[in-house]
Number of protein chains: 2
Amino acid sequence: MRKPILEDVAAAAGVSKMTASRALRGAGDVSKDTISKVRQAAERVGYVGNRLALSLSSRRTNLIGVVVPSMSNIVFPEVLSGISETLEGTGMQAVFGLTDYDPGKEREVIRNMLSWRPAAMIVTGLDQPEETVKLLKQAEVPVIQIMDIDGTPIDYCVGLSHTAAGEEMGRALLQEGRRKFGYVGSRLDRDQRASRRKAGFERALAEAGLRFISVRVGEQVSSAVLGKRLTIDLLADPGELDCIYYSNDDMAAGGLFACIERKISVPETILLAGFNGLELTDALPAAIATSYSPRREIGRTAANLALRALGDAGTTSERIVALSPKLSLRRQAATES
Amino acid sequence: MRKPILEDVAAAAGVSKMTASRALRGAGDVSKDTISKVRQAAERVGYVGNRLALSLSSRRTNLIGVVVPSMSNIVFPEVLSGISETLEGTGMQAVFGLTDYDPGKEREVIRNMLSWRPAAMIVTGLDQPEETVKLLKQAEVPVIQIMDIDGTPIDYCVGLSHTAAGEEMGRALLQEGRRKFGYVGSRLDRDQRASRRKAGFERALAEAGLRFISVRVGEQVSSAVLGKRLTIDLLADPGELDCIYYSNDDMAAGGLFACIERKISVPETILLAGFNGLELTDALPAAIATSYSPRREIGRTAANLALRALGDAGTTSERIVALSPKLSLRRQAATES
DNA sequence: TTGAAAGCGCTAACAC
DNA sequence: GTGTTAGCGCTTTCAA
């Protein structure tokens with residue numbers, strides 16, 4: 001027996017297709033009696049609506065396309081959680097796509113998503129190639145760009161200035177009296193945000209007449225393992241560093257593990273600084289400096305911007321939502337306990 | 001001007017709708033000349049196909065629904081990466097949904113996905129409530145259940161036996177001469193797999209006439225922070241433990257950090273054991289035991305099972321794909337270098 | 001190799 | 001409050 005369609009429900013309930021449709025959606029004026037009759041009939045025949053038909057017919061979907069570069073650390077999964085959480089109960093549904101930091105893949109993923117006629121798009125970064133931007137603009141759906149605000153958004157963006165974050169961290173570490181800086185990162189050609197943090201940091205150093213004494217940039221995906229290896233390598237360079245800036249917390253954690261094994265005291269001898277403010281940093285056996293990036297909140301805000309853009313045109317939102325990273329140089333006191 | 005549809009492309013190319021459709025899809029016999037004419041016309045007008053119409057009309061979608069409980073550690077993101085990676089280039093597209101370990105949410109997420117008429121479903125675990133199983137069966141699409149193989153799959157499953165993994169770890173640790181065991185976990189009521197690992201471990205202990213001397217089970221999501229806190233708490237119990245089994249590596253890493261701060265030597269004084277074999281464990285400053293769970297491979301295999309189930313009925317697959325976790329008690333030698 | 005007609009399963013718009 | 005008609009944008013089927 002073929003899968004039941006609306007007409008089967010209508011027949012089973014003894015009403016017309018249209019009445020059944022209205023009853024199931026709770027739209028229009030349908031008598032309480034009819035509604036329960038239809039609902040029961042639907043239950044009985046095991047009806048599951050067909051969104052393809054619904055969306056084609058009504059010319060709108062409940063889909064929000066979300067495009068992120070990677071799932072290899074916890075950052076984007078947390079953004080997705082924030083989006084998913086905010087969308088819950090709204091009837092909207094997120095659809096995710098991965099680009100692996102590849103602009104070509106990104107364009108294909110976006111093109112594919114657009115063919116599903118999503119109600120809105122959330123994409124990572126402000127640096128899409130022109131062709132991709134054109135694609136997004138032609139789609140005529142609200143576009144929310146996330147993570148970054150250094151640039152001009154297509155419609156909306158929410159995130160933080162990575163240049164400023166790097167600069168702020170640089171200033172703070174100089175303030176702490178550090179003078180001999182090293183840098184450890186990876187894949188800066190692909191990860192524009194990490195590379196802007198580095199540039200911002202270097203600007204702060206330049207103002208003090210300083211620059212990175214030693215630098216290591218890996219080719220692999222960033223991870224604690226890579227951070228550890230590059231740190232060990234870096235520490236072999238001549239010149240005693242008193243501070244290392246990492247592209248992110250995963251790398252910095254690896255650096256800390258290297259220092260622990262070598263019995264270098266952190267942060268006394270060398271101060272380590274990362275980026276993201278991962279929960280992991282609170283558990284580490286020594287403090288590393290970090291800027292907390294509000295990943296979940298970025299996800300929530302992005303979803304809210306999308307919802308608002310789809311709702312009544314009355315409520316206008318700021319086009320650029322700047323969230324500031326919270327700098328933390330020392331271990332957080334256990335604030336709440 | 002409204003968004004171009006197939007008819008606009010056809011008009012621009014001077015052919016019929018049908019010919020344009022075939023030319024763009026590369027289906028049927030269309031002359032080379034016509035094909036390039038149509039492709040150019042599509043490019044010119046900025047045509048993006050409408051998958052809603054395509055799927056409704058052809059009665060099949062390129063969607064594979066994927067339902068996972070959480071994104072709060074790296075495990076499921078890696079599964080999703082594996083799926084995404086395998087689907088790339090096949091024309092199939094994964095759609096993700098989160099359940100937050102809530103059976104009610106799971107049912108709603110699945111029902112929602114089914115309304116998009118996916119070609120296959122990938123869901124986490126073998127322990128869906130009967131009602132949800134009924135929903136999946138009625139959908140008449142291949143269902144692949146992942147992570148677990150302790151049970152009977154609806155259609156296919158790929159994963160490992162968590163009971164066996166726990167038992168194997170227990171035996172190995174006994175073999176190592178450990179005798180005084182503690183356990184640290186969280187949310188065992190929701191995470192059935194963690195709770196089965198614990199049960200398996202306890203079975204191994206029971207065979208040796210032993211049991212956990214101290215146990216801590218938290219209410220929050222598992223994390224290094226929680227693992228650290230519960231470990232500190234556990235260590236305050238009377239009786240000197242020589243081994244702690246954790247619900248997973250995140251928790252175990254937290255335990256290690258607690259030991260480092262307290263200057264307890266690991267693994268000499270206390271051996272710590274987790275589960276998952278996260279990359280992080282390779283970077284940690286002391287070895288923790290773990291079972292490597294092939295997360296990415298589970299994702300890949302699940303996607304392949306789905307693809308095969310959708311392909312020519314000729315190729316039948318095993319219904320149950322058992323992957324074995326690789327036990328590691330000591331730090332891996334850097335095998336490849 | 002190309003085209004015309006019918007219809008996928010639903011809802012919008014209008015009648016009653 | 002309920003039903004009827006006419007599509008949504010594409011593919012399938014059949015004919016030329």
Side-chain angles (χ1 to χ4, degrees), chain A residues 1-39 41-42 45-63 91 112 114-119 139-140, chain B residues 1-39 41-42 45-63 91 112 114-119 139-140:
Chain A
M1 213 186 73
R2 92 183 180 313
K3 208 166 292 176
I5 63 177
L6 188 59
E7 205 156 350
D8 301 326
V9 177
V15 297
S16 76
K17 232 168 60 168
M18 211 40 235
T19 303
S21 166
R22 288 196 268 249
L24 290 174
R25 281 179 299 152
D29 292 311
V30 186
S31 73
K32 276 216 164 356
D33 225 43
T34 312
I35 290 184
S36 76
K37 224 170 35 182
V38 172
R39 293 252 157 97
V45 303
Y47 175 70
V48 175
N50 185 329
R51 269 228 134 73
L52 296 167
L54 188 165
S55 297
L56 180 60
S57 166
S58 65
R59 292 135 177 275
R60 61 206 162 68
T61 65
N62 67 341
L63 263 25
N112 257 315
L114 290 177
S115 74
W116 283 103
R117 299 292 186 266
E140 292 178 341
Chain B
M1 211 187 75
R2 89 183 181 312
K3 209 169 289 176
I5 63 177
L6 187 59
E7 206 158 348
D8 302 325
V9 178
V15 296
S16 76
K17 230 167 63 168
M18 219 27 248
T19 302
S21 167
R22 287 196 268 250
L24 290 175
R25 281 180 299 153
D29 292 311
V30 187
S31 72
K32 276 216 165 352
D33 225 43
T34 312
I35 290 185
S36 76
K37 224 170 36 181
V38 172
R39 292 253 157 96
V45 303
Y47 175 70
V48 175
N50 185 329
R51 269 229 134 74
L52 296 166
L54 187 164
S55 298
L56 179 60
S57 163
S58 64
R59 294 141 183 267
R60 60 205 162 69
T61 66
N62 66 340
L63 263 25
N112 257 314
L114 290 177
S115 73
W116 283 103
R117 298 293 187 267
E140 292 177 340

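Just so we're on the same page: letters track the sequence lines, and every chain starts at 1.
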Report the residue (A/V30 or A/K17) whose heavy-atom-nearest nucleotide on DNA chain D is the more 5′ of the two.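 That would be A/V30.
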
Starting from [atom2] on [N], measure out to [atom1] on [X] and report it in whole angstrom.
X	N	atom1	atom2	result
B/M18	D/dT13	CE	C1'	10 Å
A/R59	D/dG7	CZ	C1'	8 Å
A/D33	D/dT2	CG	C1'	14 Å
B/L24	D/dT11	CG	C1'	13 Å

So, is [X] close to the [N] phosphate, meaning a side-chain N or O under 4.0 Å from OP1 or OP2?
X	N	answer
B/Y47	D/dG9	no
A/T19	D/dT2	no
A/T34	D/dT2	yes

Quick one, B/N62 with A/W116, criterion side chain to side chain contact (heavy atoms under 4.5 Å, CB included). Give me CA distance, side-chain angles, the key distance, then yes/no. CA-CA 11 Å; B/N62 66 340; A/W116 283 103; 3.1 Å; yes

Assert: residue with more 5' nearest nucleotide on DNA chain C, out of A/L52 and A/R60, is A/L52

Does B/S58 or B/R22 map to a spot on DNA chain C nearer the 5' end, using the closest nucleotide for each? B/R22

Interface limits on DNA chain C, where chain A has a heavy atom under 4.0 Å of a nucleotide atom: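 So the contact region on DNA chain C extends C/dG9 to C/dA13.
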
Select base, sugar-phosphate, or nothing to describe what A/I5 touches, counting heavy atoms under 4.0 Å on all strands.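 If one applies the 4.0 Å heavy-atom cut-off, A/I5 turns out to touch the sugar-phosphate alone, with no base involved.
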
Counting any heavy atom closer than 4.0 Å, what does A/S55 reach on the DNA or RNA strands: base, sugar-phosphate only, or nothing? nothing

Once you build an axis from the first five pairs and another from the last five of the helix from C/dT1-D/dA16 to C/dC16-D/dG1, how far apart in angle are they, to 10 degrees? 30°

